[in-house]
Protein chains: 2
Amino acid sequence: MALLDLLGRRWILRILWELREEGLGFRGLQERCGRMSSSVLSQRLRDLANAGIVEQDAGGDYGLTAPGGRLLAALLPVYHWAEEWARSAGGARRKRTNSRPGVQR
Amino acid sequence: MALLDLLGRRWILRILWELREEGLGFRGLQERCGRMSSSVLSQRLRDLANAGIVEQDAGGDYGLTAPGGRLLAALLPVYHWAEEWARSAGGARRKRTNSRPGVQR
DNA sequence: CAGTATCCTGGACGATACTG
DNA sequence: CAGTATCGTCCAGGATACTG
């Protein structure tokens with residue numbers, strides 16, 4: 001279940017999403033992710049690269065590898081479900097959460 | 001992207017997986033998850049319930065709601081990819097991670 | 001068995017400064 | 001621009017004791 005752990009780490013899903021259609025450079029990725037810390041981005045990129053999900057092209061840009069692309073494809077239904085969920089349940093339901101409401105961790 | 005955050009939280013994917021085919025009681029779930037802390041399980045269950053993904057049946061067992069089932073379905077390709085990934089890349093590749101190798105966070 | 005209340009600790013994350 | 005090194009904070013998660 002190691003991969004699931006990787007996926008669970010903060011920013012990972014976001015990074016994959018941002019790379020869904022085009023390769024991006026370090027800074028480009030960073031700002032698309034709403035200013036995540038460069039140290040963290042660096043770390044994540046290394047992890048993803050070690051996992052063979054992401055790689056750098058000749059120009060230095062980051063992009064998905066073949067397996068990485070397949071992972072993204074597998075993830076699409078989830079991203080989709082997330083949107084839908086946000087639209088429906090997001091409004092209604094939602095009572096006491098006990099955990100703080102925003103993006104935390 | 002709130003849901004993605006929820007999914008990213010530790011144990012969540014695991015819990016959904018364990019509920020994939022049958023309802024389970026609190027303790028049952030707990031031990032299937034390799035002894036997660038009861039306090040955490042309680043928290044997670046509450047979060048999942050508030051999100052309308054999980055619910056308790058008359059007998060007190062936890063199970064997926066209809067949308068929860070759909071979420072699980074959307075997740076299947078990912079679980080599958082994870083297995084496959086563990087088999088292939090898990091052995092090869094994998095060099096310096098800088099983060100400790102095991103399940104952490 | 002089911003679930004809650006507390007306390008404590010590790011390490012993820014953010015900020016920042018710095019190198020090439 | 002690309003990436004690394006440091007450092008401090010904070011909180012998620014583990015352990016445990018306890019109630020119904």
Separation of B:R46 atom CZ from C:dT4 atom P, in whole Å?
5 Å
Whole-Å gap separating C1' (D:dT4) and CZ (A:F26):
9 Å
Is the phosphate of D:dG14, meaning OP1 or OP2, less than 4.0 Å from a side-chain N or O of B:R10?
yes
Protein-nucleotide distance (A:Q30, atom CD; C:dG14, atom P), rounded to Å
11 Å
Hey, can you pull the residues of residues 56-63 of chain B with a non-hydrogen atom under 4.0 angstrom from DNA chain C?
B:Q56, B:Y62
Helical stems, DNA chain C - three or more consecutive Watson-Crick or G-U wobble pairs below 3.5 Å:
C:1-20 with D:1-20
Here the distance between atom C1' of C:dG3 and atom CG of B:L41, to the nearest Å, is 9 Å
A:R14 CZ to C:dG14 C1': how many Å, rounded?
16 Å
What side-chain donor-acceptor pairs closer than 3.5 Å can you find for residues 55-72 of chain B, not counting sequence neighbours?
{"unit_1": "B:Q56", "atom_1": "NE2", "unit_2": "B:G60", "atom_2": "O", "d": "2.9"}
{"unit_1": "B:Q56", "atom_1": "NE2", "unit_2": "B:Y62", "atom_2": "OH", "d": "3.4"}
{"unit_1": "B:D57", "atom_1": "OD1", "unit_2": "B:G59", "atom_2": "N", "d": "2.8"}
{"unit_1": "B:D57", "atom_1": "OD1", "unit_2": "B:G60", "atom_2": "N", "d": "2.9"}
{"unit_1": "B:D57", "atom_1": "OD1", "unit_2": "B:D61", "atom_2": "N", "d": "2.9"}
{"unit_1": "B:T65", "atom_1": "OG1", "unit_2": "B:G52", "atom_2": "O", "d": "2.7"}
{"unit_1": "B:T65", "atom_1": "OG1", "unit_2": "B:I53", "atom_2": "O", "d": "3.3"}
{"unit_1": "B:T65", "atom_1": "OG1", "unit_2": "B:G68", "atom_2": "N", "d": "3.0"}

Taking only residues two or more places apart in sequence, or in another chain, which ones meet A:S42 in a side chain to side chain donor-acceptor pair (under 3.5 Å)?
A:R46
Residues forming a salt bridge (Lys or Arg N to Asp or Glu O under 4.0 Å) with A:E31, sequence neighbours excluded
none
What side-chain donor-acceptor pairs closer than 3.5 Å can you find for residues 18-26 of chain B, not counting sequence neighbours?
{"unit_1": "B:E18", "atom_1": "OE2", "unit_2": "B:R14", "atom_2": "NE", "d": "3.0"}
{"unit_1": "B:R20", "atom_1": "NE", "unit_2": "B:W17", "atom_2": "O", "d": "2.6"}
{"unit_1": "B:E22", "atom_1": "OE2", "unit_2": "B:R32", "atom_2": "NH2", "d": "2.7"}

A:E31 CD to D:dG3 C1', straight-line distance once rounded to whole Å:
16 Å
I'd like a list of close polar pairs between nucleotides 16-20 of chain D and the protein, N/O only, cut-off under 3.5 Å.
{"unit_1": "D:dT16", "atom_1": "O4", "unit_2": "B:S38", "atom_2": "OG", "d": "3.4"}

